[in-house]
Amino acid sequence: MFQPHTKLHDENILQTIKPELLTNRITDIMTAAIIVLRERVQNLTSSIRSHNLQIDVFVGTLTPHTVDFHAKIKSLAPRTMFWGAALVDALDPADFARVARTCSSSATVHYLAVTRWAVDVKGAWTLDYVCSTTEQRIEIVAKALERLNREAREGERKPIVESAILRVDYVLRDLCVRRWIEEVLRVWDVGMGQVAWWVPVW
């Protein structure tokens, strides 16, 4: 079901922009991002017009109970499948695993986007510690800011966050995300190296 060549992804459009795009003529990051996306759409359009790419649209409701639709998808022998956050976040992990397996073959490579995972993880939000003592909350904030400052000094990527609370949430989610993934993969009965993720922590 999952190919063992993928890894945890934490990337976005900002990380795909080449520095040479930011010139005297283009100085803001949003204009550069639009250029990148427009180029991708143009490449896709060219592939369709040259018949190098064919797009077939199938409309249906995908739930754990729509087994006929699962079979229809599987009959197409998909080489890759991308699961958007709207579906992955809405389903229980065990239900999603059953849907993915019945829609694909053993050679299908799956890519997942998950955005609401932290809602179900106790400890991934500052508000989860509201019952802690004042000293414990101060210590949590201090350690989070200390980590971010250390990463900044070491040249690691810094989160785009504005307030101390959001910075603490970023660190808490970053600490929790791998444990959450490991638990989900345990339910799915697959290994950490067998699925590609996009799991934002801020």
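Just so you know, these numbers use all the heavy atoms, side chains as well, and skip hydrogens, waters and symmetry mates.
Between H110 atom NE2 and R101 atom CZ the span is 9.0 Å, to the nearest 0.5 Å. Taken to the nearest 0.5 Å, the NZ atom of K74 stands 7.5 Å off from the OG1 atom of T102. Taking CD1 from I73 and CG from D68, the interatomic distance works out to 11.5 Å, rounded to the nearest 0.5 Å. Summarising the geometry, atom CH2 belonging to W180 is positioned 7.5 Å from atom CH2 belonging to W117; distances are rounded to the nearest 0.5 Å. Atom CG of L62 and atom SG of C103 lie 5.0 Å apart (nearest 0.5 Å). Between the OG1 atom of T66 and the NE2 atom of H70 there is a distance of 3.5 Å, given to the nearest 0.5 Å.
Cluster membership check: F69 does not share its hydrophobic cluster with V67, using side-chain heavy-atom separations under 4.5 Å among Ile, Leu, Val, Met, Phe, Trp and Tyr. Both V184 and V187 are assigned to one and the same hydrophobic cluster, defined by single-linkage of ILVMFWY side chains at heavy-atom distances under 4.5 Å. Hydrophobic clustering (side-chain heavy atoms under 4.5 Å, transitive across Ile, Leu, Val, Met, Phe, Trp, Tyr) groups L44 together with V57.
Between R179 and E182 there is no salt bridge, since none of the side-chain N atoms of the basic residue sits less than 4.0 Å from a carboxylate O of the acidic one.
The other residues sharing a hydrophobic cluster with L76 are F58, where clustering joins ILVMFWY side chains under 4.5 Å apart.
Under a 3.5 Å cut-off, the side chain of T80 and the backbone N or O of V109 do not form any donor-acceptor pair. Judged purely by atom type and a 3.5 angstrom limit, D95 has no side-chain atom pairing as donor or acceptor with the backbone of P64.
Scanning all heavy atoms of the two residues, the minimum distance from A100 to S104 falls at O-OG, 2.6 Å. Closest heavy-atom contact between P93 and W188: O-NE1, 2.6 Å.
Side-chain atoms of V114 and W83, non-hydrogen and from C-beta on, never get closer than 4.5 Å to each other.
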